[in-house]
Every structure is written in C-alpha cells, then in structure tokens.
Amino acid sequence: MMDRRNSFAPRRDPFPAMGHGYAANPGNRMGRGSAEPDGGRFLALEPEDFDGDAVPIADPPAPEPRGAERGEEENPAGGMSCGGGPLEGYPLAMVYGPDQAWRELYEEEEALTNGTLFRELNFPFCPGCRKSGR
Amino acid sequence: MNEREILLRKIQTCNFVLQETALYLDSHPYCRQALRYYARHRRMREELVEQYESKYGQLTVYGGNAAGSWHWVTEPFPWEV
C-alpha cells in the first residue's frame, strides 16, 4: 500500500467547478452519500480502490470554514445571514412559475380580510387540511 | 363602528387593494384591466381621504388641514381612533 497522502486518487466530482470534491466530504450536513437520488453515481472511490499506478495528485483544498467557525453568529432561522444554509454547496438554480393573470378578484373588503386581492393566491396556512380558501 | 372608524376602514381597504394592484402591475405594467382598477380605486381613495380629513383632520402630515389648528396633533392619531 502506498502512502495514503501521496496516492490520493481522483474522485468523480459531481460539481467540478466548485473546486473541491463534494462527494469526498462525508461530514456534510445533508448526508449526501446515502441520499444520492441516482443511486450513487457520484459515489466516492477510496484510495484503496486504486492500484499503485495511480498518479499522485495533491490533496483537495480544505473547505472554507463555516461562519460559526469564523466566529460569526449563526442565524437562528438556519443558515448564515448572508446566504448559505442547509443546501450550501449545491449549485444555484433558476426557478420558474406560471405568469399570474388579472382574474378572480375578491371584493375590496373581502380582499383585506383574506390578505390578498387574488383568489388564486389565497393559500391559508392550514396544516393537514385540504381547505383551498376559494 | 362609528362613522369615523367606518371611513378609516374604507380607506384602509382602498390602500390594500391599491398596494395589491401595484404589486401586480410591477410584473404586468401594461395590463389595461389592472390599470383601470388602479385608477378607479385611487380616485375612490382620494375622495375618502378628502371626506375624512374635512371631518376629522389630517390622516397623515401631508394631508389637508381642516383649518384653525394643526389637526395632526390636536386630533387623535388615526391609529388611536
């Protein structure tokens, strides 16, 4: 067995642009290894999986220290106040939704009591029930 | 509810639907129906505010003064009604 440090083998990195192998980080909060939706396509290979011919490469850079480690205060709502949060490390996304139309208006007084002018946007917070509020 | 409270409630309602319409117009700036709705309720609000201030004094410091004194401080504040 070669010296573990010097035989660090390349891993399949799902997000190579991020600069460090995400799959190589077993301690991350999302428990990513077991929750991989496509059945472990990004499963990390350990150095032992490679024979002695593996080209020695440098260790991956240490991950950035989290805010709390830098002495910053943790946001009680989760994540750091300037971004991040439990999905930190995943690529950013573009979100799409249908275009709202000018229709199904409430009468004025009813709008005020419902907190919206638009019936389509009335989603009362009602855990466990199916009431639509329409 | 007394007459003053009813008037205030109507103004509050107008403010709310105007705000809702403004948010809609932010993403649909050429929607004619929304523009008409906005214009109609803005006029309605103007009339209600005029009616309120002529009877009970200023609704905001920018409002019209009924005359005689600075009603903003001599009359109850709108949120005290």
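Below, chain A is the first sequence line, B the second, and so on; all start at residue 1.
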Are there more than 12 heavy atoms of other residues, nucleotides or ligands under 6.0 Å from atom CD of A/E107?
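Not buried by this count: 12 neighbours or fewer within 6.0 Å.
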Same hydrophobic cluster for [X] and [Y], using side-chain heavy-atom links shorter than 4.5 Å among ILVMFWY?
X: B/L18; Y: B/Y24; value: no
X: B/M1; Y: B/I11; value: no
X: B/V61; Y: B/V73; value: yes

Non-hydrogen contacts under 4.5 angstrom with chain A: give the residues of residues 34-51 of chain B involved, or none if there are none.
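From residues 34-51 of chain B, the residues near chain A are B/A34, B/Y37, B/H41.
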How long is the straight-line distance from [atom2] of [Y] back to [atom1] of [X], given to the nearest 0.5 Å?
X: A/E110; Y: B/T13; atom1: CD; atom2: OG1; value: 12.0 Å
X: B/Q12; Y: A/E109; atom1: CD; atom2: CD; value: 8.5 Å
X: B/L23; Y: A/T116; atom1: CG; atom2: OG1; value: 9.5 Å
X: B/T21; Y: A/W102; atom1: OG1; atom2: CH2; value: 4.0 Å

Distance-minimising heavy-atom pair for A/G115 and B/F16
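Where A/G115 meets B/F16 most closely, the heavy atoms are C-CZ, 3.3 Å.
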If you look at every heavy atom in B/E20 and A/L117, which pair is closest and at what distance?
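Taking every non-hydrogen atom into account, OE1-N, 2.7 Å.
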Side chain B/H28, main chain A/D99, donor-acceptor under 3.5 Å:
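No, because the side chain of B/H28 does not come within donor-acceptor range (under 3.5 Å) of the backbone of A/D99.
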